[in-house]
A.B. asks: 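The structure's right below; bear with me while I get my questions together.
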Amino acid sequence: MSSISVPNYNPGEIESRWQQRWEADGLYHANIDVQRPKHYALTMLPYPSGDLHIGHWYAMIPSDARARFMRMQGYNVLFPIGFDAFGLPAENAAISRNIHPKVWTYRNIENMRRQLRSMGAMFDWRREAISSDPEYYRWTQWFFLKLFAHDLAYRKMSPVDWCPNCNTTLAREQVWGEDRHCERCGTPVTKKNLEQWFFKTTQYADELLRFDGIDWPERVRTLQTNWIGRSEGAAVYFTTQDEDVLEVFTTRPDTLWGATFMVLAPEHPLVAKLTSADQRAEVEAYIQQTMRQSDIQREAADKDKTGVFTGGYAVNPVNGRRIPVWIADYVLMTYGTGAIMAVPAHDERDFAFAIKFGLPILPVIDRPDGLAKSFAVAGSMRAGFAAALQSAGLAYTEDGKGISISLTSGQIDAYLQIAREHLNSGYWNEVVGSRWVFVFDNGMWAWESPDSEVRILARCKELEPAARPARTLMEMLSGCEFYRDVLFHAEYGRMINSGEFSGTGGDRAKAEVTAYLERQGKGKYAVNYRLRDWLISRQRYWGAPIPMLFCAQCGIVPVPEDQLPVTLPEDVEWKPTGESPLKLHPTWRMTTCPQCGGRAERETDTMDTFMCSSWYHLRYLSPWYHQGCFDPAEYDYWMPVDTYTGGIEHATMHLIYTRFFHKALRDMGVTKGDEPMLQLRNQGMVLGEDSEKMSKSRGNVVAPDNLVAAYGSDTVRAYLMFYARWDQGGPWSSGGIEGVSRWLRRLWSLALEATAGGEASEAVVRNLRRKVHQTLRAVTRDFRDFEFNTIISALMELLNEMSKARQQGAGAAPAWNEAVDIYLRMLAPVCPHISEELWQLLGKPYSIHNQSWPLVDEDAAREEEITLVVQVNGKLRDRIVVAADISAEDAKARALSSEGIQRHLEGRDPHQVIYVAGRLVNIVI
RNA sequence: GCCGAAGUGGCGGAACAGGCAGACGCGCACGACUCAAAAUCGUGUACCCUCCGGGUAUGUGGGUUCGAUUCCCACCUUCGGCACCA
């Protein structure tokens, strides 16, 4: 047999050749075809920062592979690409290198297009959309006008982040780190008040909390749910000494009787009126101090409470108690009503405040019975401590540091007795809830912070020390003015000290008190959110101008739709002055009012780039369309997005904004359905080989261009899908990619080498076909489920099997051709070039990417023989090979008579034999 | 502090109904080819005990079960998000 020379695998040559061919043929053009089911696969669009990095590849390649899989499954697949091209880096480049943002951006796009093409992805480039094109931002502005017309956009004075060193405002993403410093110069940012545009995202808060009908990761749903932060409770109307209503929001209306003081945010409108003459100086000084402080300092980690008494009082509507009104910066004007009723017995912050300023603490919720508490015992233990716990029936766990124990309230006495006998040292300590409690030998106790320690010790000294041994710790606490163990987690206790409500069970307390408040007109059911309205104004040049005018006669006037787009001027100055360069332009903002014809000025702020990215999936549908933001025919066919892939970091920004956008547009009749993206999947992050985040300064950056040059796109693609769980990511490994490279080279030669001759036995052929179809089944499932790493594993495993089968003479069998055919089809979504090349070299018709996904031949995949595991008492003792359809009786009999089992039974009688069909036999003796 | 996710060989990871723990790959060791090296191919590779054969292992400690990486409870660690949100 003569051997044909096998061409070398030369990915560089193959890949560019096929990419050109596909491009020329328009192979990946997606057009409306009502005959076929559609699939809109969307990957988050990149920012044109200059170079495509490995993270882009990691996000896009598996998305591409899955889109290709769906295409082979018979779907008409749309997989578009574009650029999120407005934004700060372009302006920073302008400032630091004097390049116009537009020039910088479009140069980068040109480069990144080339890099994106090197992926060999099935992007339909005809649908490319670039958010900084006037034809794009014309519609971004149009959406703004729509939102404004529907009362979802409004203007309000609001604080923005301000860098006092650069003398400029900063966007949220320019503020870095825990100390919230300026991205460029490191100076901590402060706040500055400016007129800003907002979108009413809060109007959709409740709907955004619902994820009905969409398949989004639990993680993202949780992040969004927490971000929106819905709290149910009650509004309660207190009355000030001047008969003003002072409304508070509380999630715990059942603790209303425990309110011993009130706290207002320093900015609260009633502060001035409430302040008494003798407190005025102090109050004003405090307000001045908090105004000067930035939010950062206000929210600083040291939770030491500050505040000032206003001298004013308010009346609790349910019990007429007259309580002092304080101001403190721990109450935020931006949440609820900017005022709280303080219940120090049941709120940690109010408690700290009360301790610091000596305000009364009144418990109104009783300790629930039987509530398990965890204790950790530290310090030296005498021998026998653990044994004593054990004999008292107290379950504990031991680690290197000490003992952890979980007790119900009924077990505390027994525990304390043992602890007293067996613990060394002058004091011992334990954790109540999550706080350290120190119990001293003299019977006194105290907890955690030095400040509170003093206070509490003072209170407890009033107790009779001799009584200490007879009391449990909890009783000690109840002897004080409060219960520490119910403090802050008293959800299920009964109400006490609450007038007619005393005795009400914790499960009913909130609802009953709220109903009472509503009947009496003293309050009502209320809901609050942490979500704030979306601030979209940016004092920046490189963004879509906000299409609004200010007219001396008519006030705020929207730019008429037919005057869109409001285009950016190109001749602007790049000085970081804190004002938008648009504001400093000599003529740009001067215009006429469309209503009165008089002089008007343009809004010089531009829109947050998240506005552009909230609808790019709609522009992709028809970037060529000029009569509207999208062609309705394209919309009706393609939307909604079926699969959306991208990073988790957008969970509380882009992914909330785009949902809000879709819902708002739905209510205007622009979009249809409740959600824009049906299925969401997030990839993890590729780290450097040192397991650190890739960064130029660390020198651990892996550049995809270099990898493609060294290995070819197919190898990089397969490795990125193989090396880690896609949703996890992980460190890059330069050794790991070699393994994938080897695999593709082995495939190349195995597919092309001449048949070695010989004839395969029936069993070899049978086994080959079984493996092929079992692999197909697994690969199909894993593509469906986004489990990309096991797809590659399965293909590697199959190649190993095929290699063996060929050595056993299977190369000439029809089953071999079937195996290669199915193999290449399964590989096509992962490695589009090598599969296309081999497909062609084997004489199959162009293109493999127009082939359908093979179907599993269930007969071929079926196992005739299976290996049963035989266990004795759950331990593996033998394996037996039996027919797959063996009966339970036969299986048990075979197992019992097997050699390994006979040895272990040693004549004993099994009293139970469990048979799990196709799996195992377990003999219990 | 609160919320969420995750802990499996030297490493990435697999185990898809509670049923053979460690697939696949990297790395490592040995062998073949070679004057030699690289490449390639082959064999081995959780740990302990004496080779047959056992024993121990999926963060720790309990529990449920004939049987637990998988389910339940508690704890520890790591990562991510939020962070005075009343």
Side-chain angles (χ1 to χ4, degrees), chain A residues 178 217-219 221-223 225-227 229 231 233 248-252 255 263 298-301 303 305 328-332 334-343 347-350 352-353 372 374 376 395-401 403-406 434-435 488 528-532 648-649 651-652 719 722-725 727-728 730-740 742-743 745-746 749 778 781-782 785 787 789-790 792-800 803 867-876 879 900 903 910-914 916 918-925:
Chain A
E178 229 165 80
E218 181 74 42
R219 201 157 145 230
R221 302 203 318 251
T222 305
L223 283 170
T225 302
N226 292 345
W227 183 262
S231 295
V248 301
F249 172 73
T250 177
T251 54
R252 294 295 304 277
T255 64
V263 187
R298 263 178 88 160
E299 290 165 14
K303 292 206 169 110
K305 294 281 180 290
D329 60 9
Y330 83 91
V331 175
L332 309 174
T334 46
Y335 184 79
T337 61
I340 62 160
M341 63 177 207
V343 184
D347 181 277
E348 208 156 348
R349 295 151 302 172
D350 298 346
F353 197 81
S374 292
Y396 64 91
T397 63
E398 220 170 337
D399 59 21
K401 281 173 276 181
I403 276 178
S404 295
I405 184 159
S406 187
S434 54
R435 296 304 173 106
F488 323 138
N528 256 295
Y529 303 92
R530 297 173 39 153
L531 183 73
R532 310 283 153 83
I648 186 96
E649 67 273 15
T652 55
Y719 180 62
F722 174 67
Y723 92 101
R725 282 181 53 167
D727 57 352
Q728 293 288 119
W732 180 264
S733 156
S734 48
I737 195 171
E738 291 288 347
V740 172
R742 241 168 256 161
W743 163 58
R745 288 200 302 269
R746 284 182 62 209
S749 27
R781 184 193 63 208
D782 288 346
D785 298 342
E787 312 235 316
N789 55 341
T790 43
I792 314 299
S793 299
L795 290 174
M796 287 173 168
E797 213 176 326
L798 176 57
L799 191 72
N800 293 343
S803 177
T867 303
L868 278 186
V869 167
V870 187
Q871 300 177 330
V872 176
N873 288 344
K875 285 195 197 288
L876 175 71
R879 294 189 175 90
R903 191 168 56 233
H911 75 79
Q912 199 185 349
V913 179
I914 291 154
V916 182
R919 297 270 185 193
L920 56 67
V921 180
N922 189 15
I923 296 155
V924 186
I925 54 174

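Note that these values count all heavy atoms, side chains included, but never hydrogens, waters or copies made by symmetry. So you know, we letter chains A, B, ... as the sequences are listed, proteins then strands, and number each from 1. Remember, it's a predicted structure, so these values are computed and weren't measured experimentally.
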A.B. asks: Nearest-nucleotide wise, let me know which of A:Arg781 and A:Ser793 is further upstream toward the 5' end of RNA chain B.
C.D. replies: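 Counting from the 5' end, the first nearest nucleotide belongs to A:Arg781.
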A.B. asks: A:Leu868 CG to B:G19 C1': how many Å, rounded?
C.D. replies: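 About 11 Å, once rounded to whole Å.
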A.B. asks: For residues A:Val924 and A:Val913, determine if any side-chain heavy atom of one lies less than 4.5 Å from a side-chain heavy atom of the other.
C.D. replies: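 No - every pair of side-chain heavy atoms lies 4.5 Å or more apart.
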A.B. asks: On a whole-Å scale, what distance lies between the C1' atoms belonging to B:U60 and B:U69?
C.D. replies: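 Taking atom C1' in both B:U60 and B:U69, they lie 15 Å apart.
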A.B. asks: Can you see which heavy atom on A:Gly730 is nearest to which on A:Ala724, and at what distance?
C.D. replies: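 Taking every non-hydrogen atom into account, N-CB, 4.5 Å.
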A.B. asks: What's the shortest heavy-atom distance between A:Asn873 and A:Ile925, and which atoms?
C.D. replies: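 Closest approach of A:Asn873 to A:Ile925: OD1-N, 3.0 Å.
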A.B. asks: Compare the minimum distances between each of B:G12, B:G81, B:U40 and the side chain of A:Arg745, then state the nucleotide with the smallest one.
C.D. replies: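 Among the listed nucleotides, the one closest to the side chain of A:Arg745 is B:U40.
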A.B. asks: So, does A:Arg530 get its side chain near the phosphate of B:C82, meaning an N or O under 4.0 Å from OP1 or OP2?
C.D. replies: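 No, because none of the side-chain N or O atoms of A:Arg530 sits under 4.0 Å from OP1 or OP2 of B:C82.
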A.B. asks: Looking across every strand, which nucleic acid part, if any, lies under 4.0 Å from A:Phe722 by heavy atom: base, sugar-phosphate, or nothing?
C.D. replies: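 Base, at least one base heavy atom under 4.0 Å.
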A.B. asks: Classify the side-chain pair A:Asn528/A:Ser231 by whether it contains a donor and acceptor separated by less than 3.5 Å.
C.D. replies: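 Side-chain D/A pair, A:Asn528 to A:Ser231: absent.
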A.B. asks: Does B:C41 have OP1 or OP2 under 4.0 Å away from a side-chain N or O of A:Arg746?
C.D. replies: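 For A:Arg746, the contact criterion (side-chain N or O under 4.0 Å from OP1 or OP2 of B:C41) is met.
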A.B. asks: Could you work out which one of B:G19, B:C24, B:A86 sits closest to the side chain of A:Thr251?
C.D. replies: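 It is B:A86.
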A.B. asks: Looking only at N and O atoms, is any donor in the side chain of A:Glu787 or the base of B:C16 less than 3.5 Å from an acceptor on the other one?
C.D. replies: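 It does, because a donor-acceptor pair links the side chain of A:Glu787 to the base of B:C16 below 3.5 Å.
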A.B. asks: What's the CG-P distance between A:Asn800 and B:A23, to the nearest Å?
C.D. replies: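 It is 12 Å, rounded to the nearest whole Å.
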A.B. asks: Which value, in whole Å, describes the distance between the C1' atoms of nucleotides B:C33 and B:A38?
C.D. replies: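 Looking at atom C1' only, B:C33 and B:A38 are 12 Å apart.
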A.B. asks: What's the gap between B:G42 and B:C47 when it is taken at their P atoms, as a whole Å value?
C.D. replies: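 B:G42 and B:C47 have their P atoms separated by 24 Å.
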A.B. asks: So what does A:Leu223 hit on the nucleic acid, given a heavy-atom distance under 4.0 Å: a base, only sugar-phosphate, or nothing?
C.D. replies: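 Sugar-phosphate only.
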A.B. asks: A:Glu649 vs A:Thr652, test: side chain to side chain contact (heavy atoms under 4.5 Å, CB included). Steps then yes/no.
C.D. replies: CA-CA 8 Å; A:Glu649 67 273 15; A:Thr652 55; over 6 Å; no
A.B. asks: By the rule that syn is within 90° of 0, classify the base conformation of B:G80 as syn or anti.
C.D. replies: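 Anti conformation for B:G80.
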A.B. asks: Partner lookup for B:C2, please. Criteria are Watson-Crick or G-U wobble with both distances under 3.5 angstrom; report none if nothing qualifies.
C.D. replies: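 Answer to the pairing question: B:G81, which forms a Watson-Crick or G-U pair with B:C2.
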A.B. asks: At under 4.0 Å between heavy atoms, what does A:Val869 touch on the DNA or RNA strands: base, sugar-phosphate, or nothing?
C.D. replies: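 The answer is base, as A:Val869 lies within the cut-off (heavy atoms under 4.0 Å) of a base atom.
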A.B. asks: Please check the phosphate of B:U56 (OP1 and OP2 only) for any side-chain N or O of A:Lys875 closer than 4.0 Å.
C.D. replies: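 Checking B:U56 against A:Lys875, a side-chain N or O does come within under 4.0 Å of OP1 or OP2.
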A.B. asks: Would you mind telling me which residue lines up with the more 5' stretch of RNA chain B, A:Thr222 or A:Gly900, judged by nearest nucleotide?
C.D. replies: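 Closest to the 5' end, via its nearest nucleotide, is A:Thr222.
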A.B. asks: Using the C1' atom on both, measure B:U64 against B:U70 and round to a whole Å.
C.D. replies: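 Looking at atom C1' only, B:U64 and B:U70 are 14 Å apart.
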A.B. asks: Any base atoms under 4.0 Å from A:Arg221, or only sugar-phosphate, or nothing? Heavy atoms, all strands.
C.D. replies: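 No contact.
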A.B. asks: For the side chain of A:Lys305, starting at C-beta, report the closest nucleotide among B:G19, B:C84, B:A86.
C.D. replies: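 Taking heavy atoms from C-beta onward, the closest nucleotide is B:C84.
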A.B. asks: Select one nucleotide: of B:C66, B:C84, B:G13, the one nearest the side-chain heavy atoms of A:Asn922.
C.D. replies: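 My answer, after comparing the listed nucleotides, is B:C66.
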A.B. asks: Mind checking who B:G12 pairs with, Watson-Crick or G-U wobble, both distances under 3.5 Å?
C.D. replies: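 Base-paired to B:C24.
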A.B. asks: Could you tell me how far apart A:Gln728 (CD) and B:C11 (P) are, to the nearest whole angstrom?
C.D. replies: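 Between P of B:C11 and CD of A:Gln728: 17 Å.
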A.B. asks: On a whole-Å scale, what distance lies between the C1' atoms belonging to B:U45 and B:G61?
C.D. replies: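 To the nearest whole Å, 32 Å.
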A.B. asks: Base, sugar-phosphate, or nothing: which does A:Gly735 touch, judged by heavy atoms less than 4.0 Å apart?
C.D. replies: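 Result for A:Gly735 = sugar-phosphate.
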A.B. asks: For A:Glu738 and B:C28, what is the distance between atoms CD and P respectively, to the nearest whole Å?
C.D. replies: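 So the two atoms are 12 Å apart, to the nearest Å.
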A.B. asks: Could you work out which one of B:C26, B:G67, B:G13 sits closest to the side chain of A:Arg742?
C.D. replies: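 Within the option list, the nearest is B:C26.
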A.B. asks: Counting side-chain heavy atoms from C-beta on, which of B:G4, B:G13, B:C82 comes nearest to A:Arg219?
C.D. replies: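 That would be B:G4.
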A.B. asks: For B:U34, which nucleotide is its Watson-Crick or G-U wobble mate, given both distances must be under 3.5 Å?
C.D. replies: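 No nucleotide pairs with B:U34.
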A.B. asks: Using the P atom in both, what is the distance from B:A5 to B:G9, to the nearest Å?
C.D. replies: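 Per the computed distance, 22 Å lies between those P atoms.
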A.B. asks: Could you check how far OH of A:Tyr719 sits from C1' of B:G13, rounded to whole Å?
C.D. replies: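 So the two atoms are 11 Å apart, to the nearest Å.
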A.B. asks: Using a heavy-atom cut-off of under 4.0 Å over every strand shown, decide if A:Gln871 touches base, sugar-phosphate, or nothing.
C.D. replies: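 If one applies the 4.0 Å heavy-atom cut-off, A:Gln871 turns out to touch a base.
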A.B. asks: Can you find a side chain N or O atom of A:Asn789 that sits less than 4.0 Å from OP1 or OP2 on B:A14?
C.D. replies: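 For B:A14, OP1/OP2 do have a side-chain N/O of A:Asn789 under 4.0 Å.
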A.B. asks: Go ahead and name the base partner of B:G19; Watson-Crick or wobble counts if both distances stay under 3.5 Å, otherwise write none.
C.D. replies: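 Because both required distances fall under 3.5 Å, B:G19 counts as paired with B:C66.
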A.B. asks: Any strand counts, and the cut-off is 3.5 Å on both contacts for Watson-Crick or G-U wobble. Which nucleotide pairs with B:A74?
C.D. replies: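 Because both required distances fall under 3.5 Å, B:A74 counts as paired with B:U60.
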A.B. asks: Would you kindly give the CH2-to-P distance between A:Trp732 and B:C11, to the nearest whole Å?
C.D. replies: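 Distance check: A:Trp732 CH2 to B:C11 P gives 21 Å.
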A.B. asks: Closest approach of A:Leu223 and A:Ala651, non-hydrogen atoms and distance?
C.D. replies: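 Minimum heavy-atom contact is CD1-CB, 3.6 Å.
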A.B. asks: Could you give me the CA-CA distance, side-chain angles and deciding distance for A:Tyr719 and A:Trp732, then say whether ring pair (Phe, Tyr, Trp, His ring centres under 6.0 Å) is met?
C.D. replies: CA-CA 10 Å; A:Tyr719 180 62; A:Trp732 180 264; 4.9 Å; yes
A.B. asks: Roughly how far apart, to the nearest Å, are B:G53 and B:C16 at atom C1'?
C.D. replies: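 My reading of the C1' atoms in B:G53 and B:C16 gives 35 Å.
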A.B. asks: Sticking with atom P, work out how far B:G62 lies from B:G27, rounded to a whole angstrom.
C.D. replies: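 About 40 Å, rounded to a whole number of Å.
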A.B. asks: For B:A39, give its Watson-Crick or G-U wobble partner with both distances under 3.5 Å, or none.
C.D. replies: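 Because no pair has both required distances under 3.5 Å, B:A39 counts as unpaired.
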A.B. asks: CG of A:Asn226 versus P of B:G81: gap in Å, rounded?
C.D. replies: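 Atom-to-atom, A:Asn226 to B:G81, this comes out as 13 Å.
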A.B. asks: Going by atom types alone, do A:Arg746 and A:Asn800 pair a side-chain donor with an acceptor below 3.5 Å?
C.D. replies: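 Note: A:Arg746 and A:Asn800 side chains meet the donor-acceptor criterion.
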A.B. asks: Does B:A86 have its OP1 or OP2 closer than 4.0 Å to a side-chain nitrogen or oxygen of A:Ser231?
C.D. replies: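 Checking B:A86 against A:Ser231, a side-chain N or O does come within under 4.0 Å of OP1 or OP2.
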A.B. asks: Using whole Å, what does the distance between atom P of nucleotide B:C16 and atom CZ of A:Arg919 come to?
C.D. replies: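 Taking CZ of A:Arg919 and P of B:C16, I get 8 Å after rounding.
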A.B. asks: Do A:Trp743 and A:Ile792 make a side-chain contact, defined as non-hydrogen atoms from C-beta onward lying under 4.5 Å apart?
C.D. replies: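 When only atoms from C-beta onward are counted, A:Ile792 and A:Trp743 do touch, with a gap below 4.5 Å.
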A.B. asks: Please state whether the phosphate of B:A86, meaning OP1 or OP2, lies under 4.0 angstrom from any side-chain nitrogen or oxygen of A:Tyr335.
C.D. replies: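 Answer is yes, contact under 4.0 Å.
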